[in-house]
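Okay, structure first, notes after.
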Amino acid sequence: MQIEQLFEFVYVLIDKKKVKAKEMAERFAVSTRTIYRWVEALSIAGIPVYSTLGRGGGISIEEKFAMDKTVLSEEDRLAIVSSVKALNSLGANIKTNEKISQLVSNDTDWLEVDFAPWSPEGSEVRTLFATLRDSILKKKILCFDYFKADGKMEQRSVHPWKLIFRGQAWYLLAWCTSRKEERFFKLSRIRNLRQTGRSANSRQELNGSIKSKKDDYVSTGKMPLIQIKATVSKEKIPFLLDAFVCSEIKLHKDESASVTFTAPDSPWLCENLLSFGPSLRIISPLKIKKQIVSLAEETLKLYDSHTGGSYGL
């Protein structure tokens, strides 16, 4: 009697409530006598499995055990249900959610996850996710147009390996055939995704050729970080918190606040900070202050050249 068979035996009872010995014997390819020996062994081990004779009889397990004493704890099952709900929000269509939910005594509606954007095009995210998931599981090479961080668009052919959600965005980890490297691709920058039908190699199969390169500044914990001190108007604090994790916020009487936060030292940082306009003033470091001033001057020149001077006034 294998331990895996006993676990499966118990979960069948939890799911179906009551089964015939003959049905279980056929399922496990053993005799009905063996099934009854299993029932006796489980009862001795303290698992309330029992059999009843006559019409309507069969092998059952106490309902309370199904709720409280399964191999997975209540916390484990709640975590599983929540994870399944998150995946189903992206069209994963996992059917086990209802079965697992029946084994959870607590309320399972405490969490709802939807990764799609607020715009009407949100349904496209689910379609993209479904195609990527299908390609990864079936090991099929993908082709797509990709907008790089420098604004250029390139056609890519990849061996897809994994979907990763980090920070506030989804990424595809894949082997790029043109770069001959492992790359991260931001899903929001993928266009015209198509499955080629050609077989893809797994990460293990390409292990000897892998040189990891993190595309689009995806951090592995080694990305350069920079601490920024600034003052921000009170009404812009929520928007700053949407973009950065502030380690310190000190409110002032003049409706402003002093803030300290850490950010990746990447090209898009100053553009992000400049988007706050006059509501955010950088105190340190000096190089960030200079970069923002330079970026603001370039932006001003752009508008001035298109309006004939005087900044369009």
Side-chain angles (χ1 to χ4, degrees), residues 89-91 114-203 206 209-220 222-224 242-244 263-276 291-292 294-303 305-306:
S89 73
L90 284 167
D114 191 347
F115 292 108
W118 287 102
S119 63
E121 292 79 17
S123 59
E124 295 181 6
V125 174
R126 297 182 178 88
T127 302
L128 181 67
F129 184 90
T131 302
L132 291 170
R133 184 190 70 242
D134 183 67
S135 300
I136 292 170
L137 295 177
K138 294 181 179 179
K139 294 185 178 180
K140 298 298 181 182
I141 292 177
L142 288 168
C143 289
F144 51 82
D145 298 327
Y146 190 71
F147 285 90
K148 301 193 302 178
D150 60 6
K152 296 179 180 179
M153 187 186 75
E154 293 183 352
Q155 289 188 342
R156 299 294 181 95
S157 176
V158 304
H159 296 246
W161 290 337
K162 186 185 296 186
L163 286 169
I164 299 172
F165 187 81
R166 183 156 194 174
Q168 298 179 358
W170 280 101
Y171 297 87
L172 170 67
L173 174 62
W175 174 267
C176 181
T177 58
S178 59
R179 297 293 188 272
K180 305 298 181 185
E181 289 179 330
E182 173 184 294
R183 292 281 183 117
F184 282 92
F185 299 95
K186 201 169 186 178
L187 264 59
S188 60
R189 299 179 183 179
I190 292 177
R191 292 292 183 273
N192 302 319
L193 178 69
R194 51 205 179 276
Q195 197 179 83
T196 65
R198 302 194 304 272
S199 297
N201 292 321
S202 67
R203 199 176 189 188
L206 287 171
S209 305
I210 288 178
K211 291 189 299 178
S212 180
K213 183 174 182 180
K214 311 308 175 187
D215 211 16
D216 293 316
Y217 307 98
V218 178
S219 173
T220 60
K222 297 180 180 179
M223 180 188 291
D242 287 341
F244 305 99
D265 191 5
S266 61
W268 56 263
L269 174 60
C270 288
E271 295 178 3
N272 196 323
L273 295 175
L274 185 60
S275 68
F276 286 87
Q291 288 175 9
I292 290 178
S294 176
L295 186 60
E297 289 176 345
E298 291 179 12
T299 304
L300 192 60
K301 289 179 182 178
L302 175 66
Y303 282 96
S305 64
H306 283 76

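What you see below is based on every heavy atom in this structure, not just the backbone, and it leaves out hydrogens, waters and symmetry mates.
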Mind checking side-chain contact (heavy atoms from CB on, under 4.5 Å) for [X] and listing every partner two or more places apart, or none if nothing turns up?
{"X": "Gln155", "result": "Asp145, Arg194"}
{"X": "Thr177", "result": "Ser157, His159, Trp175"}
{"X": "Thr196", "result": "Ile141, Cys143, Arg198"}
{"X": "Arg179", "result": "Lys148, Glu154, Arg156, Cys176, Glu181, Arg183"}

Among all residues two or more places apart in sequence or in another chain, which pass the side chain to side chain donor-acceptor pair (under 3.5 Å) test with Ser135?
Gln195

Looking at residues at least two apart in the chain, or sitting in another chain, which of them share a ring pair (Phe, Tyr, Trp, His ring centres under 6.0 Å) with Phe244?
Phe261

Using 0.5 Å steps for rounding, measure from the [atom1] atom of [X] to the [atom2] atom of [Y].
{"X": "Leu274", "Y": "Thr299", "atom1": "CG", "atom2": "OG1", "value": "6.0 Å"}
{"X": "Leu295", "Y": "Leu300", "atom1": "CG", "atom2": "CG", "value": "11.5 Å"}
{"X": "Leu273", "Y": "Ile292", "atom1": "CG", "atom2": "CD1", "value": "4.5 Å"}
{"X": "Trp161", "Y": "Asn201", "atom1": "CH2", "atom2": "CG", "value": "8.5 Å"}
{"X": "Ile164", "Y": "Leu173", "atom1": "CD1", "atom2": "CG", "value": "5.0 Å"}
{"X": "Phe144", "Y": "Leu132", "atom1": "CZ", "atom2": "CG", "value": "8.0 Å"}

Around Lys139, counting heavy atoms of other residues, nucleotides and ligands shown, do more than 12 lie under 6.0 Å from its NZ?
no

I'd like to know if the side chain of Tyr146 reaches the main chain of Leu187, judged simply by a donor and an acceptor atom lying under 3.5 Å from each other, with no hydrogens or angles considered.
no

Which heavy-atom pair separates Leu269 from Ala263 by the least distance, and what is that distance?
CD1-CB, 3.7 Å

Which heavy atom of Ile136 sits nearest to which heavy atom of Pro160, and what is that distance?
CG1-CB, 3.7 Å

With sequence neighbours left out, write down each residue that passes salt bridge (Lys or Arg N to Asp or Glu O under 4.0 Å) with Lys138, or none if nothing qualifies.
Asp134

A side-chain contact here means heavy atoms from C-beta on lying under 4.5 Å apart; do Ser294 and Glu298 qualify?
yes

Under 4.5 Å between any side-chain heavy atoms of Leu172 and Phe184, yes or no?
no

Quick one: are the ring centres of Tyr171 and Phe185 less than 6.0 Å apart?
no

